[in-house]
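Report on the following structure.
Keep in mind that this is a model prediction, so the values were computed, not measured.
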Amino acid sequence: MTDPLRTRLSEASQSASKADRTLAGYMLAQIATLPFETAASLAEKVAVSEPTVGRFCRTLGYRSFKDLKAHLRQDMGDQPWLIGDRLRDLQARNRAGEDQLVRGLELEMAALVSVYELAHTDEWAAVVKRLATAKAVFATGFQTERGMAQIFVNQLQYLRDGVELLDLAGGNFAQVLARDETDAALVIFEARRYSRLARDLAVAAKAAGIPVTLITDPYCDWGRDVATEMFVVPTEFNLFWESTAQMASLANLLVGGVFMELGPEVEDRMNRISVLYGQFTGHVGSAPIRKTETKKRS
């Protein structure tokens, strides 16, 4: 429904202008919430001037930001952005007090829609196939995104071997950069303020011929220069701290896509891992592990 605007924004994200790249990336990630923005509020969030927003809209072929929103609304129709009687009732009961949690809920739901829309792109299909077939898959995150990469790796290891969390302690990323075999994939989770390591690693991997998938926020203006694919995820939900919750949703969708790509044979591996977990660790409520008795030497 929004393909024309998405296409223009995608093309603009390749612009030489830093302001244009930033605006395009932000608007692509927040396309479901653009009708609630003004040129002034958008300019403030992206840290550009209001006239810059207007100029950018004109380069896309619209008279103004207001005109862009009008075309977007025509594309998407007049139906409510967020449907459901329970949500509308929640909104009605809280609007008078401008409940900040309700606003956050609206933003999170719109963000989740945009994440699921990414799963229908050609770039997504290419990444899923690569994560399913590459001989080795590496993932990493820096600062608060480190845990996101760890979860992604742990889940993907259930589906296939050759998946590793990139070691940061070694200081040289030799796991991925010193490989003799370049049939590998690298996934980086990163959000502002961006670690210099993330950019430098992506640059080095690209130079080594290793595809890089960058999962980042709407403000990353350097990612498209160094990544094979860049998935932009909304991170602002009216909270004190930016949230990476939708990065987790995207990671889960990627794992689900790899599961479908691998096909029925993946069940054998999952069963083997389940047996091993039961043998060494076990779950709550499962039968206790029987330890092998050893004979004492006389």
Side-chain angles (χ1 to χ4, degrees), residues 115 118-119 123-179 181-191 194-195 197-202 204-206 208 210-217 220 223 226-233 235 243-263 265-278 280-281 283:
V115 167
L118 289 174
E123 279 189 326
W124 183 276
V127 172
V128 166
K129 189 172 185 63
R130 186 186 309 131
L131 293 178
T133 59
K135 287 187 177 180
V137 174
F138 301 92
T140 190
F142 303 89
Q143 306 171 106
T144 54
E145 290 71 50
R146 180 67 172 170
M148 200 70 60
Q150 177 75 70
I151 294 171
F152 177 71
V153 165
N154 288 348
Q155 291 181 328
L156 203 57
Q157 285 173 336
Y158 272 87
L159 306 184
R160 52 157 297 169
D161 59 8
V163 181
E164 298 181 44
L165 182 69
L166 203 57
D167 177 30
L168 304 186
N172 53 28
F173 303 118
Q175 281 171 280
V176 61
L177 298 179
R179 287 172 52 84
E181 173 61 64
T182 59
D183 184 12
L186 173 61
V187 180
I188 300 176
F189 294 85
E190 180 67 322
Y194 314 103
S195 169
L197 286 173
R199 185 187 61 189
D200 291 349
L201 172 60
K206 181 179 181 180
I210 298 170
V212 178
T213 302
L214 176 62
I215 300 171
T216 188
D217 62 20
C220 184
V226 299
T228 310
E229 302 92 9
M230 176 171 151
F231 295 131
V232 178
V233 179
T235 55
S243 170
T244 54
Q246 301 308 332
M247 283 190 179
S249 296
L250 187 145
N252 288 336
L253 285 175
L254 277 177
V255 172
V258 172
F259 175 85
M260 298 301 294
E261 183 71 24
L262 290 173
E265 63 271 17
V266 74
E267 185 178 0
D268 292 336
R269 176 178 174 84
M270 295 181 71
N271 287 336
R272 293 198 304 272
I273 292 177
S274 179
V275 169
L276 289 170
Y277 191 91
F280 289 102
T281 306
H283 299 88

> Are side-chain heavy atoms of Arg146 and Thr140 found at a separation under 4.5 Å?
Replying inline: yes

> Could you state the interatomic distance from OG1 (Thr182) to CG (Leu177), rounded to the nearest 0.5 Å?
Replying inline: 12.0 Å

>> Taking Thr244's backbone N and O only, do any of them form a donor-acceptor pair with Thr235's side chain (distance below 3.5 Å, no angle check)?
In response: no

> Just wondering, are more than 12 heavy atoms of other shown residues or ligands nearer than 6.0 Å to CD in Glu123?
Replying inline: yes

>> For the CG atom of Leu131 and the CZ atom of Phe152, what is their distance to the nearest 0.5 Å?
In response: 5.0 Å

> To the nearest 0.5 Å, what is the distance between OG1 (Thr133) and CG (Asp183)?
Replying inline: 7.0 Å

>> For residues 127-144, which residue pairs pass the salt bridge (charged side-chain N to carboxylate O under 4.0 Å, His left out) check, not counting sequence neighbours?
In response: Lys129-Glu261, Arg130-Glu229, Lys135-Glu181

>> Under the rule for side-chain contact (heavy atoms from CB on, under 4.5 Å), what residues qualify as partners of Ile273, not counting sequence neighbours?
In response: Tyr158, Arg269

>> For a quick test of reading the model, state the closest non-hydrogen atom pair linking Gly223 to Leu214 and the distance between them.
In response: CA-CD2, 3.5 Å

>> Show the nearest heavy-atom pair for residues Ala149 and Gly141, with the distance to one decimal.
In response: CB-N, 3.6 Å

> How close do Met247 and Asp217 get, heavy atom to heavy atom, and via which atoms?
Replying inline: CE-N, 4.1 Å

> CG/Leu253 to CD/Gln246 distance, rounded to the nearest 0.5 angstrom?
Replying inline: 10.0 Å

> For the atom pair CG (Leu197) and CZ (Phe142), what is the distance rounded to the nearest 0.5 Å?
Replying inline: 5.0 Å

> Do you know the tightest heavy-atom contact between Ala198 and Ile188?
Replying inline: O-CD1, 3.9 Å

>> Looking at every heavy atom in both Ala191 and Gln143, which two are closest together, and how far apart are they?
In response: O-NE2, 4.5 Å

> Can you name the residues that form a side-chain contact (heavy atoms from CB on, under 4.5 Å) with Leu118, not counting sequence neighbours?
Replying inline: Trp124, Phe231, Leu250

> At what distance, to the nearest 0.5 angstrom, does OG1 of Thr228 lie from CG of Leu186?
Replying inline: 9.0 Å

>> Taking side-chain contact (heavy atoms from CB on, under 4.5 Å) as the definition, give me every residue that meets it alongside Gln150, ordered by chain and number, with sequence neighbours left out.
In response: Asn154, Leu165

> Do Ile215 and Met148 have side-chain heavy atoms sitting under 4.5 Å apart?
Replying inline: no

> Does some side-chain heavy atom of Val212 sit less than 4.5 Å from a side-chain heavy atom of Val226?
Replying inline: no

> Going by the salt bridge (charged side-chain N to carboxylate O under 4.0 Å, His left out) test, which pairs reach into residues 155-171, not counting sequence neighbours?
Replying inline: none

> Is a side-chain N or O of Glu190 found less than 3.5 angstrom from the main chain of Thr216, in a donor-acceptor match?
Replying inline: no

> Given side chains that start at C-beta, do those of Phe138 and Val163 come closer than 4.5 Å, heavy atoms only?
Replying inline: no

> What residues form a side-chain contact (heavy atoms from CB on, under 4.5 Å) with Phe259, not counting sequence neighbours?
Replying inline: Leu159, Val266, Met270

